[in-house]
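These notes are about the structure you will find just below.
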4 protein chains.
Amino acid sequence: MKRVKPKYKAIIEAAVKVIAENGYHASQVSKIAQKAGVADGTIYLYFKNKEDILVSVFEEKMGQFIEEIGTAIHTKENADDKLLTLINMHFGQLAADHSLAIVTQLELRQSNLTLRKQINNVLKPYIEIIDQIIVEGIEEKLFRSDLNIPLVRQMIFGTLDETVTNWVMQNQKYNLIELAPPVHNLITNGITHS
Amino acid sequence: MKRVKPKYKAIIEAAVKVIAENGYHASQVSKIAQKAGVADGTIYLYFKNKEDILVSVFEEKMGQFIEEIGTAIHTKENADDKLLTLINMHFGQLAADHSLAIVTQLELRQSNLTLRKQINNVLKPYIEIIDQIIVEGIEEKLFRSDLNIPLVRQMIFGTLDETVTNWVMQNQKYNLIELAPPVHNLITNGITHS
Amino acid sequence: MKRVKPKYKAIIEAAVKVIAENGYHASQVSKIAQKAGVADGTIYLYFKNKEDILVSVFEEKMGQFIEEIGTAIHTKENADDKLLTLINMHFGQLAADHSLAIVTQLELRQSNLTLRKQINNVLKPYIEIIDQIIVEGIEEKLFRSDLNIPLVRQMIFGTLDETVTNWVMQNQKYNLIELAPPVHNLITNGITHS
Amino acid sequence: MKRVKPKYKAIIEAAVKVIAENGYHASQVSKIAQKAGVADGTIYLYFKNKEDILVSVFEEKMGQFIEEIGTAIHTKENADDKLLTLINMHFGQLAADHSLAIVTQLELRQSNLTLRKQINNVLKPYIEIIDQIIVEGIEEKLFRSDLNIPLVRQMIFGTLDETVTNWVMQNQKYNLIELAPPVHNLITNGITHS
DNA sequence: GATGAATGAGGTTTCATTCAT
DNA sequence: AATGAATGAAACCTCATTCAT
C-alpha cells in the first residue's frame, strides 16, 4: 500500500544516501527531507518518527536483500551449492550498493538497543534460510550430522558479516566477491589439513 | 604514569559499571564522575574528553583480556592447541565478567566511527595473535598451506564475536564456555562430512 | 447566511465536543474536521481560521445562552425578580450542558488575549442585560441609588462566574441550581447582619 | 535554600517581566534566560522544566502577596475591618506591580489545566484567610449566621478577581485602590435599599 | 590537584493553513 | 463546493566541556 507511494520510496532512498554520506548521528530528519525533495513535515506523513525511518530503511533494503538470496538459492540442487550461492549473493549485493554496505555494516549499528532488536527481527528470515541450508545439508549427508545448528549459523553469519565489515572499513578497496569461494571453502572444509 | 593514579582507575571502573547498567547513550560524564566519587571537572584532569574515557576503558580491559590470552597460549605446544585455548579464554573471560561482556558486545558498538576505529586499534594485538597461530599452524602442517590468512582471521574472529554477541543478547542464559570445543571443531574441520 | 448551512452547524457542534473531550490545546483542526465529518480544508470554506471557529462557537452558544436569559427576564415584573431569574438561568443552562460548561469555564480561557477579547465582545449583550437590571432596580427604588453600576455588574458577573467555575472544577458533583437563591440573597443583602 | 540564590531570583523576576511584555505563549525559555542574564541551560539548574518556572513565579509572588495580606489583617480588630483591609491590600498590591497584575490576571490563565491546578493550590492559604474572616464575622455577630461560607468566599474572590481583571483589560486607566471601599460596601450590604 | 556552577549549541516533531485536483 | 496531501516554522531541553575558586 504505502510502499508504492513515490514519496515513501524517495524518503527511504534519501535516508540511505544521507546516512552513508554523513554518518548515523549526523543524519538529521531535515537533511533526509531535503535530499528526498520533500518538506520536513512530509516525513511524518509516511513515518511515525525518526526511528521508524531507520527501521523501514532496513526492512525495505534487507527485505529485498534476503528475498533475492532466497530466490537465487531456490534453483540450486544441493546444500553446498546453496551455501556458495548465498555467500555470493551476500557479498555481491553489498558490493553492488556501496551506500547500503556502509549503512548496514557501520552506521546502523550505532543505533540504540531498541532499534537493534527491531533490526534483528528483520534478519530472522535470513537466519531461517541459513538454518534451512544446514538442515538440508545434513539430510543430504553432505554436512556432518553432529552439527549444532545455531552454532553453525552463527559461524556462517559471523564470518560473512566480519568479512564484509572489514572490506567496508578498508574503504572497499579490494574485490569482495572474489572472496566468496575461499570463504565457502573455509566454512565447508575448515582450516585443517585434510 | 597516569595509570597508577587511583582516580584514573576509579574512573575506568566506574565507566564500565555505568555503561553496563545504563547503556551507552545514558552514560553521561556526570554519572561516571558520581559513581567514581569525583567531581565532573576532575574527569578532565585524567582524560582528554568523553571519547578518551571510553577508549581507555577498552584499552585497559581489552589489554588485559588480550594479555591473558597471550600468556595462556604461550605454554601450548601446537597451533591447534593454541587455537582451542584462545577460544576457551575468549569465551571464558567474557563469561566471567558480565558487565564487560555487555559493554564490549553491545554498548560500545553504539559509538561513532572515530571511536570504533580507535577500538579496532586496541584489537590489533589480538589480530596479530590470531594471525600468528594461523602461520604457525601452516608451518606445522596442521593447517592447510593455501589459507588466505586475513580471511581465516576474519572467520575466526567473526565466529567468536557473533557467538558471544548472541549469548549476551539472549541474556547469557546458557553456558558459553561449553561452546568452545564445538566452535573449535567447526573452525578446524568445517561443516562437511569428512 | 452561512449560519443555515448544515456543515457550519456541524463544525460548531463538533468543536464543542472535541474541546470538551480533549481540552483546548489538544483540539486540532483536523480532529474537529473528523468529528464533523468533513475534510480539513472544508473548515476553511466556513471559517477564516482556527480562532474564528472558537469565536463562532462562543457566539453561537453564548448568543443563545444570553437570548434565553433575555427572554426569561422579560416576563418578570421587577429588577429583583429579574436578577433571580438571571441567576437561575445562568446556572441552569450551564448545569444542563456539561460540555458547554467545561468549554466556557475552563477550556476557552486558555486561549490567547486576542481571542479572549473577542469573547468579551460576545458577552457585551449580557453585560448590558445586567446593567439594565441594575438601572431598573435603582429606578424602582429596590436597589440603592448610590451604586456604581460597572462595579455592581462586576460583582454580579464575578460571583456567578466564580461559582460556576468552582462547580466545574469540582467535577460538577453538587447541584449548581440550588445555589441560585443564596447567591441572589448574597448579592442583594450582602453579608452583614441587617 | 534555593530561594536565596541570586540566579533563582533573577530568573523569577525575568519571567514576570517577559510574560507581562510578550504574553504567555510568546515567552520562550531563551527569552527569559536572556532577560535574566544567564544561559538557557542555567534555567534548568534551578527549575525542572518550563512549567516549573511558571509555578514558581506564582508561588513566589502570590506567596508574598498572601503573606502581606495576612500580616495586614492581623492587626485589625474585627472581621469587617479585616475584610476592608484584605480588599485594600488585594487591590493595592496588584496596582503597585503592573507586570504582576498582567501576569496573574491575564497571562497565567492561558496555561493548561495541570498548571492551573497547581496555581489553585498556591491560592489555598488565601482561601483560608477569607474563610477565616467570614467565620470570625459570624462569631462576632457582624455577619449573618446563615451564610454558606464557600459561597460567600466565591462571591468575595469572584468580585475582587473580576474587578481587577476589568481594570487590567482596560489598561489600568483608572484608580483601582479607590474601588476598595465601594466593593467592600457592596459585599457587606448588598445592592438592596436597606 | 580538585571542584561544580555555568555554558550554549543543536534537533525532532506538531499542526494551522494552502491549493491542485 | 469539497478534498486531503503537503508544507515549514518554531522551541524545549540535554549534556560535554570550561574555568574561577
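Only this structure's heavy atoms are used, side chains among them; waters, hydrogens and symmetry mates stay out. Please read these numbers as outputs of a predicted model, since none were measured by experiment. By convention in this document, chain letters (A, B, ...) are assigned in the order of the sequence lines, proteins followed by strands, and residues within each chain are numbered from 1.
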Subject >> Value in whole Å for how far the C1' atom of E:dC15 lies from CG of A:Leu45 >> reply: 11 Å
**OP:** Starting from P on F:dA1, measure out to OH on C:Tyr46 and report it in whole angstrom.
**Re:** 6 Å
**OP:** Examine the side chains of B:Glu60 and B:Tyr8 and answer whether a donor and an acceptor come within less than 3.5 Å of each other.
**Re:** yes
Subject >> Strand partner of F:dT14, provided both Watson-Crick or wobble distances fall under 3.5 Å >> reply: E:dA9
Subject >> Of C:His25 and A:His25, the one whose closest DNA chain E nucleotide lies more 5' >> reply: A:His25
**OP:** State whether a side-chain donor-acceptor pair under 3.5 Å links D:Asn121 with D:Lys124.
**Re:** yes
Subject >> Side chain of A:Tyr44 - closest among E:dT7, F:dT18, E:dT14 >> reply: E:dT14
Subject >> Pairing partner (Watson-Crick or G-U wobble, both distances under 3.5 angstrom) of E:dC15 >> reply: F:dG8
Original post:
Can you check the D:Lys31 NZ to F:dA10 P distance for me, whole Å?
Top reply: 11 Å
Original post:
Mapping A:Asn49 and C:Asn49 onto DNA chain E by nearest heavy atom, which one lands closer to the 5' end?
Top reply: A:Asn49
**OP:** Verify salt bridge (Lys or Arg N to Asp or Glu O under 4.0 Å) between C:Glu13 and C:Lys35, making sure each step is shown before the conclusion.
**Re:** CA-CA 9 Å; C:Glu13 296 304 327; C:Lys35 177 82 92 179; over 6 Å; no
Subject >> Nucleotide forming a Watson-Crick or wobble pair with E:dT3, both distances under 3.5 Å >> reply: F:dA20
Subject >> Rounded distance in Å - CD (A:Gln28) to P (F:dG8) >> reply: 19 Å
Original post:
Do we see a donor-acceptor contact under 3.5 Å between the side chains of B:Gln105 and B:Asp161?
Top reply: yes
**OP:** For D:Val29, report the nucleic acid contact type (base, sugar-phosphate, nothing); a contact means any heavy atom under 4.0 Å.
**Re:** sugar-phosphate
Original post:
Which nucleotide, F:dT17, E:dC15, E:dT3, lies nearest any side-chain atom of B:Val38?
Top reply: E:dT3
Subject >> C:Lys50 side-chain proximity, nearest of F:dA6, F:dC12, E:dT17 >> reply: E:dT17
Subject >> Distance, rounded to the nearest Å, where D:Ile43 contributes CD1 and E:dT7 contributes C1' >> reply: 13 Å
Original post:
If only side-chain N and O atoms of C:Ser30 are considered, is one of them under 4.0 Å from the OP1 or OP2 phosphate oxygen of E:dC15?
Top reply: no
Subject >> Separation of F:dC12 P from D:Asn112 CG (nearest whole Å) >> reply: 14 Å
**OP:** Rounded to the nearest angstrom, tell me the gap between atom CD1 in A:Ile32 and atom P in E:dT13.
**Re:** 11 Å
**OP:** Check the distance between E:dA16's P and C:Asp40's CG and give it to me in whole angstrom.
**Re:** 9 Å
**OP:** Let me know, please, whether A:Ala39 or B:Ala26 comes out on the 5' side of the other along DNA chain F by nearest nucleotide.
**Re:** A:Ala39
**OP:** Report yes or no: do C:Gln34 and C:Lys31 form a side-chain donor-acceptor pair below 3.5 Å?
**Re:** no
